[in-house]
Amino acid sequence: MTLTKRIIPCLDVNDYKVVKGLNFSSISNVGNPIFLAKKYSDACADELIFLDITASQEHRKIMKSLVAEVATTIDIPFTVGGGISNIEHARDILLHGADKIAVNTAAVKNPKLIKQLMNAFGKQCVVVAMDVKRNYNLSENKNIFVQNGKKFWFEVYIYGGKEATGLDAIYWTQKVKNFGAGEILLTSIDMDGTKNGYDLDLTTAVVNNTSIPVIASGGCGHPQHMLDVFQISNASGALAASIFHYDSYSIQKVKKFLQQNDIDVRL
Amino acid sequence: MSKIAIFDYGSGNIFNLKKSIESMGSEVHVISNFNSIQYYDGLFFPGVGNFDPAIKKLVDNKNSKKSFRDILTELPIFGICLGMELLFEKSEEGIENGLDMIEGDVIHLPTTMIVPHMGWNNILIEKQNDLLDGIDNNSWAYFAHSYMVRPKKTEIVYAKSDYGAKIPAIIAHHNLFGTQFHPEKSSVTGIKILQNFLRMCKK
């Protein structure tokens with residue numbers, strides 16, 4: 001056996017509640033973060049990702065206590081992201097029990113932050129989260145892809161998917177490893193919440209342009225989607241939210257399905 | 001009740017390690033110097049950080065490397081991941097010298113692999129040791145590292161893991177113990193290993 005593929009439930013947290021959105025908007029409540037974290041940890045989740053989707057100043061204190069409560073509840077690795085923009089904030093979250101820090105907007109605006117985080121905490125601690133959307137307005141110096149005869153490039157978005165950056169996701173992928181990232185959390189805005197499967201073109205392209213682990217995210221609605229992403233790309237992990245939150249499939253069930261299809265998983 | 005110290009390099013998450021050991025009934029103190037080290041029954045070098053900054057914190061001002069070897073001859077010490085790497089002579093991660101308590105060095109993982117080696121992998125037990133009491137061969141452990149140790153004396157390696165190379169996963173040498181994986185994040189296997197270590201700390 002060797003390193004297994006990671007199945008990672010994600011908690012999008014807003015004011016002490018786990019929420020779920022569609023294409024990064026229209027949010028609805030799904031439950032208590034502590035309860036869900038414990039449930040997933042007990043059910044053999046390989047890791048847990050916790051994204052603070054509000055991240056206002058007032059909110060920060062609440063989040064720290066929530067991070068500590070979740071960390072106390074589980075015995076698997078735990079990544080926290082959302083609004084982290086400097087070393088002090090990152091250290092604070094780590095001291096409250098996170099194992100890894102995910103940075104997104106702040107990393108795009110200030111790539112030096114990635115290096116600072118790596119120097120302070122080690123690269124295994126630094127996750128660069130990338131929210132990506134297909135852009136069909138072609139421009140120069142972009143990596144162009146084609147699907148069903150339509151040409152497009154992959155554009156990085158910031159501020160929770162609200163603001164386009166003009167940054168080519170493939171170019172950004174090539175950069176972040178050298179800045180010191182230890183992992184990429186790759187979310188397709190196009191597929192997020194659709195339950196139609198991961199963006200396989202995007203995942204494959206990102207995996208093939210880096211040597212650090214890539215976690216595929218956005219669009220998982222069925223265990224088959226995880227199988228697809230592992231068979232087609234060399235993603236190191238697959239993230240899902242709604243299929244676990246709504247008990248459509250248990251983590252165990254997903255892992256058994258993957259194992260039956262020759263994907264190495266921890267069971 | 002045993003008294004356990006965790007050395008804090010100032011680099012991050014020792015929360016989970018502290019929480020795990022406390023839940024096993026030990027009194028845990030986070031320390032940043034070795035002034036009162038004689039009062040402890042065991043010491044952890046935690047696993048988060050970067051080689052050079054961590055070494056600099058350890059050998060900061062008063063603590064010379066020589067005094068390390070003098071103080072820490074009998075106290076059971078558990079180095080996790082980076083904490084284990086620090087026990088060696090040097091590392092490709094940094095330019096600083098290591099603590100030089102174990103002969104050998106720390107090298108980068110094979111570049112043919114996705115690095116960091118991040119996630120759950122099996123531990124392949126080579127031979128028995130008190131630290132491995134009750135641990136089955138092929139148990140799952142959580143790894144998150146870019147470097148691996150290369151001990152001069154291979155007999156100090158008790159378990160390995162397969163990732164493009166046979167990575168030393170568990171080492172033991174006199175009072176020194178180390179795991180490349182994170183026991184505090186490795187569910188039931190990790191809990192057992194920490195319990196085994198704490199048993200050795202009891203006087």
Side-chain angles (χ1 to χ4, degrees), chain A residues 1-8 41-42 44-47 67-68 71-80 87 90-101 117-127 177 180-183 207 210-215 234-237 264-267, chain B residues 8-20 22-23 30 47-54 81-82 85 93-94 109 111-124 138-147 161-164 167 182-191 194:
Chain A
M1 187 70 89
T2 181
L3 184 67
T4 57
K5 298 292 187 185
R6 282 176 279 158
I7 305 304
I8 306 173
S41 176
D42 290 347
C44 215
D46 294 310
E47 209 167 306
V67 166
T72 308
T73 311
I74 63 175
D75 56 5
I76 54 170
F78 176 34
T79 300
V80 175
I87 295 284
R91 191 190 309 274
D92 212 14
I93 296 288
L94 291 170
L95 289 173
H96 282 79
D99 297 293
K100 301 185 220 176
I101 292 296
L117 289 167
M118 176 197 76
N119 285 333
F121 311 119
K123 72 167 76 149
Q124 79 295 330
C125 205
V126 186
V127 180
K177 182 200 155 191
E183 184 160 82
V207 168
T210 190
S211 62
I212 61 176
V214 176
I215 309 300
N234 192 22
S236 296
D264 289 332
V265 289
R266 176 179 71 113
L267 263 173
Chain B
D8 181 12
Y9 328 114
S11 60
N13 183 5
I14 45 178
F15 179 98
N16 295 306
L17 180 61
K18 185 167 185 281
K19 179 199 77 181
S20 288
E22 279 171 345
S23 73
V30 175
V48 183
N50 211 315
F51 195 87
D52 281 356
C81 195
L82 171 69
E85 296 167 11
E93 189 180 20
L109 289 171
T111 50
T112 49
M113 307 299 286
I114 292 175
V115 175
H117 173 214
M118 181 107 73
W120 297 81
N121 203 333
N122 303 105
I123 49 176
L124 312 165
N138 283 313
S139 290
W140 296 112
Y142 183 81
F143 292 80
H145 64 116
S146 304
Y147 296 85
S161 195
D162 191 5
Y163 194 64
I167 297 164
H182 289 258
E184 77 283 15
K185 287 280 130 190
S186 292
S187 201
V188 283
T189 304
I191 290 167
L194 290 174

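Just so we're on the same page: letters track the sequence lines, and every chain starts at 1. Values reported hereafter were calculated over all heavy atoms of this structure, with side chains retained and with hydrogens, waters and symmetry mates removed.
Using cut-offs of 30° and 60° on the angle between ring planes, the pair B:His117 and B:His145 is perpendicular.
Using a 4.5 Å cut-off between heavy atoms, A:Arg266 touches chain B through backbone and side chain atoms alike. With a 4.5 angstrom heavy-atom cutoff, A:Ala98 touches chain B only via backbone atoms. Contacts between A:Ile215 and chain B at a heavy-atom distance below 4.5 Å are absent for every atom of the residue. For B:Ser187, the parts lying under 4.5 angstrom from a heavy atom of chain A are both the backbone and the side chain. Residue A:Lys5: no heavy atom, backbone or side chain, is found under 4.5 Å from chain B. Of the two parts of B:Leu17, neither the backbone nor the side chain holds a non-hydrogen atom closer than 4.5 Å to a non-hydrogen atom of chain A. Heavy-atom distances place both the backbone and the side chain of A:Thr72 under 4.5 Å from chain B. With a threshold of 4.5 angstrom between heavy atoms, B:Ser186 approaches chain A through N, CA, C or O but not through any side-chain atom.
Partners of A:Lys177 under the salt bridge (Lys or Arg N to Asp or Glu O under 4.0 Å) rule, at least two apart in sequence or in another chain, do not exist in this structure. The side chain to side chain donor-acceptor pair (under 3.5 Å) test applied to A:Asn119 returns no partner, not counting sequence neighbours.
Put simply, the side chain of B:Met118 reaches to within 4.5 Å of the side chain of A:Lys100, judged on heavy atoms.
For A:Ala68 against B:Phe15, the heavy-atom pair with the smallest separation is O-CZ, 3.7 Å.
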